[in-house]
Amino acid sequence: MNILVINAGSSSLKFQLYNMDHEEVLAKGKVERIGMESAILSYEPESGAEIREVEEILEHTTAIRKVLAILVHKEHGVLSSMDEIDAVGHRIVHGGESFSSSVIVNEDVKREIKRLFDLAPLHNPAHMLGIQAVETNMPNVPQAVVFDTAFHQTMPPKSYLYPIPMVLYKKHKIRRYGFHGTSHAYVSERAAAFLRWPLHELKIVTCHIGNGASCAAVLNGRSVDTSMGLTPLEGLMMGTRSGDIDPAIVPFAMGKEELTLNEVTSMLNKHSGLMAVSGLSSDMREIVEAMEAGDRNAALAFDMYEYRLRKYIGAFAAAMNGMDVLVFTAGVGENSAAMRRAVCRNLTFLGLELDEPANEQPSAAERAISTTGSKVQVLVIPTNEELVIARDTHRLILDSKEDVV
Ligand code: ADP
């Protein structure tokens, strides 16, 4: 069975085509700058060089049409016909309280995703465009949706409620949802498999630290707390997002700097975090490079990022009354030995001991970076959200076929 995985943003669309018989990626790529005359389609078949085409792509429907065309292209394609795509799986950022697992798309599901536009105005409308674009181009192909929030639906009320008037929760569903759930679920499962220990017996703190960043407390395989909240702005310091701040800063800064609500929202999402403190970059690679060259602001940005991350790890260890495993994943977690070293250096009170040479070793494989005597197993697990979307879609399609029989 071949499954096309789609992550549709407002002006971009990433895709991966999986053959599920061997869970192999046949081709992947993305369309960027949708809505512009000079949109870019990049495409990489499993064997063969990357292709880039610059052309006018004004809508998601056209973007999907171009993706399908290149997948069946005589020379560069990996399929002989579009009929070889059995299903499409979409990443959806916000599933609210309605979705605690992946589902097949039907009219009710679409209506519910639309109802959630309010909670994720930057993401869910774009995902919906992706779903509609597939419907237009491949009307008979089943689609499934996989939610970033679903894994965290197991959080207890004491984790997901905010201590504000309950009417805001009851009327408007203002609560913690958490994000990156597909990644937190995947890496915690992989961690248990790597350690050959049952997932339901482990206390795991997962750190998904990329451009966006979040931690999760995974107790016996279930998310019991996470750092992101109603939106992906809460929690850890990120590339351009502030993470936790005193909410009173918002009206105070608005008054002092004569900012509108939109401006202050944009400031916290796009002009804060590593970027704001370093004045240099939101990219951890550049921060580390500048820090090593003696840049003080870069060093401060690095320290603040590490300190805030470490405080969350400590908090989640306390939330679970212990931590057996600490997992690092995503761009920074998988690649930055310096960040992992800095975090682990000050977690020795938990009995955690980093294996320094193992930590420094660059590798794309799942690996342990703690010493054999460490009370906490520290692992680096490359995340793979697309694979989870492909697997969920595959499972749902097989289940739905069984139902019909
Ligand atoms: P996204 O959240 O967009 O999926 P990624 O998980 O790919 O992002 O993470 C991207 C970030 O990972 C980059 O902005 C960069 O800061 C960081 N990163 C990638 N490689 C390295 C590296 N070798 N050292 C430090 N940071 C890195």
(message) Quick one, Glu353 with Thr371, criterion side-chain hydrogen bond (donor to acceptor under 3.5 Å, both in side chains). Give me CA distance, side-chain angles, the key distance, then yes/no.
(response) CA-CA 6 Å; Glu353 228 177 65; Thr371 62; 2.9 Å; yes
Sequence neighbours excluded, the answer for ring pair (Phe, Tyr, Trp, His ring centres under 6.0 Å) partners of Phe151 is none
If only side-chain N and O atoms count, and only distance matters, is there a donor-acceptor pair under 3.5 Å linking His180 with Thr383? no
Sequence neighbours excluded, the answer for side-chain hydrogen bond (donor to acceptor under 3.5 Å, both in side chains) partners of Tyr305 is none
Side chain to side chain donor-acceptor pair (under 3.5 Å) pairs touching residues 37-52, sequence neighbours excluded, are Arg33-Ser38
Checking the side chain of Thr240 only, and the main-chain atoms of Asn269 only, is there a donor and an acceptor separated by less than 3.5 Å? yes
Flag the pair Tyr177 / His94 as yes when their ring centroid distance falls below 6.0 Å, and as no otherwise. yes
Margin query: Whether the His60 and Gln132 side chains hold a donor-acceptor pair (N or O, under 3.5 Å, no angle test) is what I'd like checked.
Written below: no
Run the salt-bridge test on Arg310 and Glu306 with the 4.0 Å N-O cut-off and return the result as yes or no.
yes
**OP:** Answer with yes or no whether the side chains of Glu32 and Ser12 bring together a donor and an acceptor at under 3.5 Å.
**Re:** no
- Query: Without hydrogens or angle criteria, can the side chains of Tyr160 and Glu97 be said to hold a donor-acceptor pair below 3.5 Å?
  - Reply: no
Notebook entry, point to check: In terms of ring plane angle, is the pair His73 and His76 parallel, tilted or perpendicular, where the classes change at 30° and 60°?
Noted result: parallel
Looking only at heavy atoms, the pair that brings Arg176 and Met228 closest together is NH1-O, 3.0 Å
For the residue pair Glu55 and Lys66, establish whether any side-chain heavy-atom pair is separated by less than 4.5 Å.
yes
(message) Are more than 12 heavy atoms, taken from residues, nucleotides or ligands other than Phe252, located less than 6.0 Å from that residue's CZ atom?
(response) no
- Message: Can a side-chain donor-acceptor contact be found between Ser281 and Glu286 if the only test is distance below 3.5 angstrom?
- Response: yes
Asp244 vs Tyr312, side-chain hydrogen bond (donor to acceptor under 3.5 Å, both in side chains): CA-CA, chis, key distance, verdict:
CA-CA 11 Å; Asp244 295 338; Tyr312 259 102; 2.6 Å; yes
Margin query: Evaluate Ser183 against His208 for side-chain hydrogen bond (donor to acceptor under 3.5 Å, both in side chains), listing each step before the verdict.
Written below: CA-CA 7 Å; Ser183 177; His208 175 109; 2.8 Å; yes
query = Does some side-chain heavy atom of Arg241 sit less than 4.5 Å from a side-chain heavy atom of Pro232?
reply = yes
- So do Leu326 and Leu347 actually touch side chain to side chain, heavy atoms under 4.5 Å? yes
